[in-house]
**Q** 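The structure's right below; bear with me while I get my questions together.
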Protein chains: 2
Amino acid sequence: MDKGKILIIESHPETPDSISNLLDDEGFAPATTDENDNVLETAASEKPNLILIDMESVRADVWELCRNLKEDYETRKSAVILLSSQSDEELVVKAFESGADDFVSKPISKKKFVARLKAILRRMERNETKKIKVKDIEIDLDEHKVKKAGKPIDLTYIQFKLLYLLASRRENVFSRKEILEKVWGRKVYVTNRTVDVHIKRLREKLGEYKYPSQYIETIHGTGYRFL
Amino acid sequence: MDKGKILIIESHPETPDSISNLLDDEGFAPATTDENDNVLETAASEKPNLILIDMESVRADVWELCRNLKEDYETRKSAVILLSSQSDEELVVKAFESGADDFVSKPISKKKFVARLKAILRRMERNETKKIKVKDIEIDLDEHKVKKAGKPIDLTYIQFKLLYLLASRRENVFSRKEILEKVWGRKVYVTNRTVDVHIKRLREKLGEYKYPSQYIETIHGTGYRFL
DNA sequence: GCAGTATTGGCATAACTTTTGCAAAATGTT
DNA sequence: AACATTTTGCAAAAGTTATGCCAATACTGC
């Protein structure tokens, strides 16, 4: 599974205890760039979820870099995490004030560090919650189960993904294009009509007979949304 | 300035070094609840941006609490921050795995702590959906929703685009030609009269009965503008 | 590997919603 | 008042979505 895009800014990615080596082991697939590259450009084109900056190895003005990353339209949504072996008050406060989203003091246990990163990634992609409860519907991602009013509902693979997507951002309107991309994946030859059909079947299983829909609303000309 | 809603879960908010006292000094206005209250309910109704849980003072199962907060639709967007005087690996990892967004070991310098909280609040703000607010009208692009005085208004696709265009640059006068281009696109054979019709219907739905128009003004011989 | 079952994709048509522009009425301008 | 522009009601036209159905594919148990 995709754990999220990570960009690491450090000078010596080869050393055994470098951040990139640490994350490689954990199944992340981080990209690396060093201070000599144009960090801002790399970040803007890669659009990583996380940007890890090792303060020891960056010569340039880190605060300036942070501020730029947060101001640039392309990168402002990436979480910036600073790592340093120092941790005095002034430094930490300055880090956060410059726009950093987290500050980690080295050395840190690998497990703690990874857990922290995962938490931040999770916070960015709100829909990675394991369980969602909406109205009388309960969705369990791990068990791949859906219950309505406590009673299990049998959904097929696509139906489940569809429901999960819609419910993960309730009220948000998803266009068919978006749905196709998120449920079927990028390179699909499935048409918009197919989305309709699956919506229909999902509605049936959720027990929608009457109007207006209790769960899935059609936004004419636009898409669908979970109420 | 509003610094964000904070809910603190601790048993003894009165003690001098309690979290709530610490934050009071910093200009935050945290609410407090203790383990005996129904934390979930309080959180769901308050919808705080931040939920601070002092692990020392909570008797109930903290992990369970975290998980519940993250599953419930009302509270899952609140950032949950755990505080503890312990910080061993197992505990920290478990905290993040249960859904916590941050883990802070006590004691911590007030300034560091506050800087961290501000960073988290800032990040949450960034993730909020963009809304345009004009007078008592609220337009939400992601949810494809328009509200007037809090009450939802049902707009069709074109009506929505039209309103969005006009409201996005208030006071600016849009010619019909401009409107046609921006709402319908370049290569259309739709006449100016059609724009009028849509303006009319939009006015109707916005509840414009009397003169002069409260929202959409006609500039005779020129076009329309949102007031 | 086969037969039976479940799932999926999408066509065709029905049901429904939205859009369009004419023509008449109303309003604004000079 | 004479003319230009905008507003409005209406019905036809265009567009979108729902649904029944069937074929293709995937899955399951033997």
**Q** Quickly work out the A/Asn192 CG to D/dT19 P distance and round it to whole Å.
**A**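 To the nearest whole Å, that distance equals 17 Å.
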**Q** Of the listed nucleotides (D/dT7, C/dT17, C/dT29), which one gets closest to any side-chain atom of A/His220?
**A**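 Nearest to the side chain of A/His220 among the choices is C/dT17.
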**Q** Which protein N or O atoms sit under 3.5 Å from an N or O of nucleotides 4-11 of chain C?
**A**
from: C/dT8; atom 1: OP1; to: A/Ile158; atom 2: N; distance (Å): 3.3
from: C/dT8; atom 1: OP2; to: A/Thr156; atom 2: OG1; distance (Å): 2.3
from: C/dG9; atom 1: OP1; to: A/Trp184; atom 2: NE1; distance (Å): 3.1
from: C/dG9; atom 1: OP2; to: A/Trp184; atom 2: NE1; distance (Å): 3.4
from: C/dG9; atom 1: OP2; to: A/His198; atom 2: NE2; distance (Å): 2.9
from: C/dG9; atom 1: N7; to: A/Arg201; atom 2: NH2; distance (Å): 3.0
from: C/dG9; atom 1: O6; to: A/Arg201; atom 2: NH1; distance (Å): 3.4
from: C/dG10; atom 1: OP1; to: A/Tyr189; atom 2: O; distance (Å): 3.2
from: C/dG10; atom 1: OP2; to: A/Thr191; atom 2: N; distance (Å): 3.1
from: C/dG10; atom 1: OP2; to: A/Thr194; atom 2: OG1; distance (Å): 3.0

**Q** Between A/Thr218 and D/dT16, is there a side-chain N or O to OP1/OP2 distance below 4.0 Å?
**A**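 Result: no.
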**Q** Drop me the distance from B/Ile179's CD1 to B/Ile199's CD1, to the nearest 0.5 angstrom.
**A**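 With rounding to 0.5 Å, CD1 (B/Ile179) is 5.0 Å from CD1 (B/Ile199).
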**Q** Between B/Glu204 and B/Lys200, does any NZ, NE, NH1 or NH2 come within less than 4.0 Å of an OD or OE carboxylate oxygen?
**A**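 Yes.
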**Q** Taking CZ from B/Arg176 and P from C/dT20, how many angstroms apart are they, rounded to a whole number?
**A**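 The answer, rounded to whole Å, is 15 Å.
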**Q** For A/Glu217, enumerate each residue passing the side-chain hydrogen bond (donor to acceptor under 3.5 Å, both in side chains) test, keeping only those at least two apart in sequence or located in another chain.
**A**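 A/Glu217 satisfies side-chain hydrogen bond (donor to acceptor under 3.5 Å, both in side chains) with A/Arg225 only.
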**Q** Taking atom C1' of D/dT8 as reference, at what distance in whole Å does atom CD of B/Glu204 sit?
**A**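 For the pair B/Glu204 CD and D/dT8 C1', the rounded distance is 9 Å.
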**Q** According to salt bridge (charged side-chain N to carboxylate O under 4.0 Å, His left out), does anything in residues 143-160 of chain B pair up with another residue at least two apart or in another chain? List the pairs.
**A**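 Passing the test, one end in residues 143-160 of chain B: A/Glu171-B/Lys145, B/Glu143-B/Lys145.
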**Q** For B/Leu202 and D/dT7, give me the distance from atom CG to atom C1', rounded to whole Å.
**A**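 Value for this atom pair: 14 Å.
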**Q** Please report the distance, rounded to the nearest Å, between CG in B/Leu206 and P in D/dT7.
**A**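 After rounding, the reported distance stands at 14 Å.
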**Q** Within less than 4.0 Å of OP1 or OP2 of D/dT8, is there a side-chain N or O belonging to B/Arg203?
**A**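 Looking at the OP1 and OP2 atoms of D/dT8, neither is under 4.0 Å from any side-chain N or O of B/Arg203.
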**Q** Nearest to the A/Tyr224 side chain among D/dT8, D/dA18, D/dT7, which nucleotide is it?
**A**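 For A/Tyr224, the side-chain atoms sit closest to D/dA18.
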**Q** Salt bridge check: are A/Lys112 and B/Asp88 linked by an N-O gap of less than 4.0 Å?
**A**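 Between B/Asp88 and A/Lys112 there is no salt bridge, as every charged N stays at least 4.0 Å from the carboxylate O atoms.
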**Q** Could you tell me whether B/Asp72 and A/Lys133 make a salt bridge, using a distance below 4.0 angstrom between a side-chain N and a carboxylate O?
**A**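 A salt bridge is absent here (no side-chain N lies under 4.0 Å from a carboxylate O).
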**Q** Could you list the residues that satisfy ring-ring contact (aromatic ring centres under 6.0 Å, His included) with A/Phe160, not counting sequence neighbours?
**A**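 Applying ring-ring contact (aromatic ring centres under 6.0 Å, His included) to A/Phe160 gives A/His144.
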**Q** Note the angle between the end axes of the helix from C/dG1-D/dC30 to C/dT30-D/dA1, five pairs defining each, rounded to 10 degrees.
**A**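 Helix axis angle between the two ends: 50°.
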**Q** To the nearest Å, how far apart are B/Glu217 CD and D/dT6 C1'?
**A**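 Taking CD of B/Glu217 and C1' of D/dT6, I get 14 Å after rounding.
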**Q** Send over the distance from A/Ile199 CD1 to D/dT17 P, rounded to a whole Å.
**A**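 So the two atoms are 11 Å apart, to the nearest Å.
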**Q** Working to the nearest 0.5 angstrom, can you tell me the gap between B/Leu227 CG and B/Arg170 CZ?
**A**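 It is 8.0 Å, given to the nearest 0.5 Å.
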**Q** Does anything in residues 42-53 of chain B form a salt bridge (charged side-chain N to carboxylate O under 4.0 Å, His left out)? List the pairs, not counting sequence neighbours.
**A**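 Non-adjacent pairs meeting salt bridge (charged side-chain N to carboxylate O under 4.0 Å, His left out): B/Lys47-B/Glu74.
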